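Worth saying up front: this structure is predicted, and the values here are computed from it rather than measured. The chains referred to below are lettered A, B, ... by the order of the sequence lines, with proteins before strands, and numbering in each begins at 1.
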Amino acid sequence: MPQANSVVVLDFETTGLSPNLGDRAIEIGAVKLVNGEVVDTFQQLMNPGFRVSSFIESYTGITNNMLRTAPSCDEVMASFSEFILDENLIAHNASFDKRFLDAELERINRGYSGEFACSLLVARRLIQGAPSHKLGELVRYKNIDNDGVFHRALADAQMTAKLWLLMVDELEQLGIAKPSFQFMKTVSKTAKGNVNLLLAKSRA
DNA sequence: TGCCAGGCCCTCTTTAGGGCCTT
């Protein structure tokens, strides 16, 4: 059973957009939060078994030379599956990361018991004034601490975690007592126009 | 051969189309 007070925020860098078209993971980064505090991190490059495009090299800064000596996806994902055991999961545009997580774990016959929540879907509802809901844009808009690194797995996971905690904080300031992972999922599934109604009903 | 993601969400919608996000 997933723990109620802890969660893992994760981010993949990949060779492209779709595991169904043969794309693979090339880096996984994650932070484990317990009661809103970072207690552990995970970051690992992985060798997908073929060369990545020059687009991906320049988009992520991860080069073929860096991947040449990296351990295989199978090896890294086996270790990552231990990291996320029994944890609920968060990602920015979670449907993307879930597809890659599921595809990579299926290859090694591993699974996980947690559920996914999506920081992008929550942000679209709670941060409606943002010029866009790209992770980098939300980080700028909300003045979230960052080290200037974007499109690397651990850096993006850290920023996503900070964004998530900021949104939880904002809900607490609006009178929602200790917004849970499940409550955040409910927010993400509520029609935009009904979010204020949900919050009004949920106030302590 | 040539093409290829997929889920969410809005609207000039629901017998559909297109932008936003992720790499």
J.: Could you state the interatomic distance from CG (Leu165(A)) to CD (Glu172(A)), rounded to the nearest 0.5 Å?
T.: 10.0 Å

J.: Salt bridge or not between Glu170(A) and Lys142(A)? Use side-chain N to carboxylate O under 4.0 Å.
T.: yes

J.: On a whole-Å scale, what distance lies between the P atoms belonging to dG18(B) and dC4(B)?
T.: 14 Å

J.: Nearest of dT23(B), dT22(B), dC8(B) to any side-chain atom of Leu135(A)?
T.: dT22(B)

J.: In whole angstrom, give the distance that lies between atom CD1 of Ile90(A) and atom P of dT22(B).
T.: 16 Å

J.: So Asn5(A) and Val34(A), side-chain contact (heavy atoms from CB on, under 4.5 Å) or not? Walk me through it.
T.: CA-CA 6 Å; Asn5(A) 63 341; Val34(A) 175; 4.0 Å; yes

J.: What is the distance, rounded to the nearest whole Å, between atom CG of Leu121(A) and atom C1' of dG6(B)?
T.: 13 Å

J.: From dA5(B), dT22(B), dG6(B), pick the nucleotide closest to the side chain of Leu21(A)?
T.: dA5(B)

J.: If you check every side-chain atom of Phe55(A), which of dC21(B), dA5(B), dT23(B) has the closest atom?
T.: dT23(B)

J.: Taking the side chain of His151(A) as heavy atoms from C-beta outward, which of dT23(B), dA5(B), dC21(B) is closest to it?
T.: dT23(B)

J.: Please figure out whether Ser95(A) or His133(A) has its closest DNA chain B nucleotide nearer the 5' end.
T.: Ser95(A)

J.: Rounded to whole angstroms, how far apart are CG on Leu17(A) and C1' on dT23(B)?
T.: 5 Å

J.: Hydrogens and angles aside, do Gln44(A) and Glu27(A) bring a side-chain donor and acceptor to less than 3.5 Å of each other?
T.: no

J.: Which whole number of Å gives the distance between the P atom of dC3(B) and that of dG7(B)?
T.: 23 Å

J.: Starting from P on dG6(B), measure out to CG on Leu120(A) and report it in whole angstrom.
T.: 18 Å

J.: What contact category does Asp11(A) fall into here, base, sugar-phosphate, or nothing, at under 4.0 angstrom with non-hydrogen atoms?
T.: sugar-phosphate

J.: Starting at CD of Glu13(A) and ending at C1' of dT23(B), how long is that distance when rounded to a whole Å?
T.: 7 Å

J.: More 5' along DNA chain B: Ile56(A) or Arg124(A), using each one's nearest nucleotide?
T.: Arg124(A)

J.: With a non-hydrogen cut-off below 4.0 angstrom, is Thr60(A) in contact with a base, only sugar-phosphate, or nothing?
T.: sugar-phosphate

J.: Over how many whole Å does the gap from Asp156(A) atom CG to dC21(B) atom C1' extend?
T.: 13 Å

J.: How about NZ on Lys134(A), more than 12 heavy atoms from neighbouring residues, nucleotides or ligands closer than 6.0 Å, or not?
T.: no

J.: How long is the line joining CG of Asn20(A) and C1' of dC4(B), in whole Å?
T.: 10 Å

J.: For the pair made of NZ in Lys192(A) and C1' in dG19(B), what is the distance, rounded to whole Å?
T.: 12 Å

J.: Any side-chain N or O of Ser132(A) below 4.0 angstrom from OP1/OP2 of dC21(B)?
T.: yes

J.: When the C1' atoms of dC8(B) and dT13(B) are considered, how many whole Å apart are they?
T.: 15 Å

J.: Taking the six-membered ring of Phe42(A) (Phe, Tyr or Trp), confirm whether the NZ or CZ of Lys32(A) is under 6.0 Å from its centre and within 45° of its axis.
T.: no

J.: In whole Å, what separates the C1' atom of dT23(B) from that of dA16(B)?
T.: 28 Å

J.: Please measure how far the P atom in dC12(B) lies from the corresponding atom in dA5(B), and state the result in whole Å.
T.: 27 Å

